Amino acid sequence: MAPTTLKSTFRRRTQAPKPSSLSSSATTKTQGGHGDYIDACCEECGSGEVPEELLLCDKCDRGFHLFCLRPILACVPKGLWFCPSCSNQKKPKRFPLIQTKIVDFFRIQRSPNYRQKPFCDARKKRKRSGSIVVSKKKRKLLVFNPTEDPERRLEQMASLATALTDTGTEFSNELTYMPGMAPRSANRAFQEREGMQVLSREDTETLNTCKSMMERGEWPPLLVVFDPCEGFTVQADRFIKDLTIITEYTGDVDYLKNREEDDGDSMMTLLSAKNPSHSLVICPDKRGNIARFINGINNHTPDGKKKQNLKCVRFNVDGECRVLLIAIRDISKGERLYYDYNGYEQEYPTQHFV
């Protein structure tokens, strides 16, 4: 599929601006609040340049640029912050590879040993009955192809459970509407300012099939791994074909106006409304799925752009806004997944991404 087919309206993770006031560990110590820290330097690069992005540890007072840290911090965190040495940063504890625990964690309806043969047969039947001419006019989204080995699928699920547990996130494969945040009635695609793609009936069925497969333990062939430079990141555990639905971006839905001072770097634009007060974002910090661990490219370098193998696309699904991550080329086993956090405005800071 040519990239232009999926182009439509895909956005950077969030349109919310950076917090207007930096945390005490940055502002008061680097901008004159405490004179002793005006000349602080980064422990990694040795430079005191870019002081607005120089973060000081609240325990040892050593300085670190946000972009020199590994994993990189997108913005100054709220409250106290401790450097890797003082926080005793360790590799996350792996979720136990016990089937009952994993099944309960993801609320799987059937055993992971469930065979997906009936689904495969139905897919082949649809393919044979389709017209070659029609398939050339509009290429359809594809269902992910699960790993056949049920034990390997348990390992894939355990890797995600590890990341979710370490970040204190509850698994949710749907958009959630919590009291005090935006209600479901606010998610109306007709309010979109710039327009978004309408998911066809057939592609909606494909998305629903993906959801149903996951509910019965037929997991996408993805592994969440911990990298000392990138933090949690996602890689393909088997070959993934172009146009495959990787995942839906899920989490709590809230009004953008409520999150303008939020320092979270995982928010995703859901609705960019004509009336800014109606704009919505997805916040996966408390509830979410594997989407929050898929990293972004450095779109300031040719090598960074080459890594992109997913596209973030916003769709109108039966009148509601949804966000999907879709493969834009064939992805090899072991290849890490990346997409561009930015849409047309190119405002999200990716120049320091590795």
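In this text, all values refer to a predicted model and were calculated from it rather than measured experimentally. These numbers come from the heavy atoms of this one structure, side chains and all, not from hydrogens, waters or symmetry mates.
Side chains of T147 and D149: no donor on one and acceptor on the other come within 3.5 Å. Side-chain atoms of Y177 and D252 form no donor-acceptor pair, as typed in the model, at a separation below 3.5 Å. Side-chain atoms of Q191 and H278 form a donor-acceptor pair, as typed in the model, at a separation below 3.5 Å. A donor-acceptor pair shorter than 3.5 Å can be found between the side chains of D237 and Q156. Using modelled atom types and a 3.5 Å distance limit, the side chains of N289 and T247 yield a donor-acceptor pair. For R287 and T250, the side-chain atoms include no donor-acceptor pair closer than 3.5 Å.
Not a single donor-acceptor pair under 3.5 Å links the side chain of D242 to the backbone N or O of D330. Using a distance-only test at 3.5 Å, with no hydrogens or angles considered, no donor-acceptor pair links the side chain of N316 to the main chain of A189. Proximity of a side-chain donor or acceptor of T206 to a complementary backbone N or O of E202 within less than 3.5 Å is detected. Side-chain atoms of T244 never come within 3.5 Å of backbone atoms of I240 as a donor-acceptor pair (strictly under, hydrogens ignored). In terms of modelled atom types and a separation under 3.5 Å, the side chain of N309 and the main chain of I331 share no donor-acceptor contact.
Residues L160 and L97 share a single hydrophobic cluster, defined by chaining ILVMFWY side chains whose heavy atoms lie under 4.5 Å apart. Under the 4.5 Å side-chain heavy-atom criterion for Ile, Leu, Val, Met, Phe, Trp and Tyr, L141 and V198 are members of distinct hydrophobic clusters. No path of Ile, Leu, Val, Met, Phe, Trp and Tyr side chains, each step under 4.5 Å between heavy atoms, connects L223 with L310, placing them in separate hydrophobic clusters. The cluster map of Ile, Leu, Val, Met, Phe, Trp and Tyr, joined by side-chain heavy atoms under 4.5 Å apart, puts F293 and M214 in the same cluster. M268 and M181 sit in two unconnected hydrophobic clusters of ILVMFWY residues. Membership requires side-chain heavy atoms under 4.5 Å apart, directly or through other members.
Residues Y249 and L175 approach most closely at O-CD2, 3.7 Å, considering heavy atoms. The heavy-atom pair separating C57 from C86 by the smallest distance is SG-SG, 3.8 Å.
If you take CE on M267 and CG on L256, they are separated by 7.5 Å, rounding to the nearest 0.5 Å. One finds the CG atom of L66 at 5.5 Å from the CG atom of L55 (value rounded to the nearest 0.5 Å). Remark: K257 NZ to E260 CD distance equals 9.5 Å, nearest 0.5 Å. Rounding to the nearest 0.5 Å places CZ of F64 at 9.5 Å from CG of L54. The distance from the SG atom of C210 to the CD atom of E215 is 11.5 Å, given to the nearest 0.5 Å. To the nearest 0.5 Å, atoms CD1 (I102) and CE (M157) are separated by 6.0 Å.
With a 4.5 Å cut-off on side-chain heavy atoms, K59 and R62 do not count as touching. A heavy-atom distance below 4.5 Å is not found between the side chains of K93 and T162. Counting only heavy atoms from C-beta outward, the side chains of R336 and D227 approach each other to under 4.5 Å. Between Y339 and I294 there is a side-chain heavy-atom pair separated by less than 4.5 Å. With contacts defined as side-chain heavy-atom distances shorter than 4.5 Å, the pair R152/R238 does not qualify. Counting heavy atoms from C-beta outward, E320 and R188 have side chains that approach closer than 4.5 Å. Annotation: side chain of S266 is not in contact with side chain of D285 (no heavy-atom distance under 4.5 Å). Contact of the S272 side chain with the R314 side chain is registered, since non-hydrogen atoms from C-beta on lie closer than 4.5 Å.
A salt bridge links R259 with D254: the closest approach of a Lys/Arg side-chain nitrogen to an acidic carboxylate oxygen falls below 4.0 angstrom. For E335 and R329, the salt-bridge test passes: some basic side-chain N is under 4.0 Å from an acidic carboxylate O.
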message: With salt bridge (charged side-chain N to carboxylate O under 4.0 Å, His left out) as the criterion, how do R153 and E148 come out once you've worked through the C-alpha distance, each side chain's angles and the decisive distance to 0.1 Å?
response: CA-CA 8 Å; R153 291 206 301 269; E148 292 86 355; over 6 Å; no
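Judged as a salt bridge (Lys or Arg N to Asp or Glu O under 4.0 Å), and not counting sequence neighbours, the contacts of E248 are K211, R322. Looking at residues two or more places apart in sequence or on another chain, you find a ring pair (Phe, Tyr, Trp, His ring centres under 6.0 Å) between F106 and F171, W219.
Crowding of R94 atom CZ: a count of heavy atoms from other residues, nucleotides or ligands under 6.0 Å exceeding 12. More than 12 heavy atoms of other residues, nucleotides or ligands shown are found within 6.0 angstrom of NZ on K274. Counting heavy atoms of neighbouring residues, nucleotides and ligands inside a 6.0 Å radius, atom CZ of R201 does not exceed 12 of them.
Hydrophobic cluster of F239: no remaining members, since no ILVMFWY side chain lies below 4.5 Å from it.
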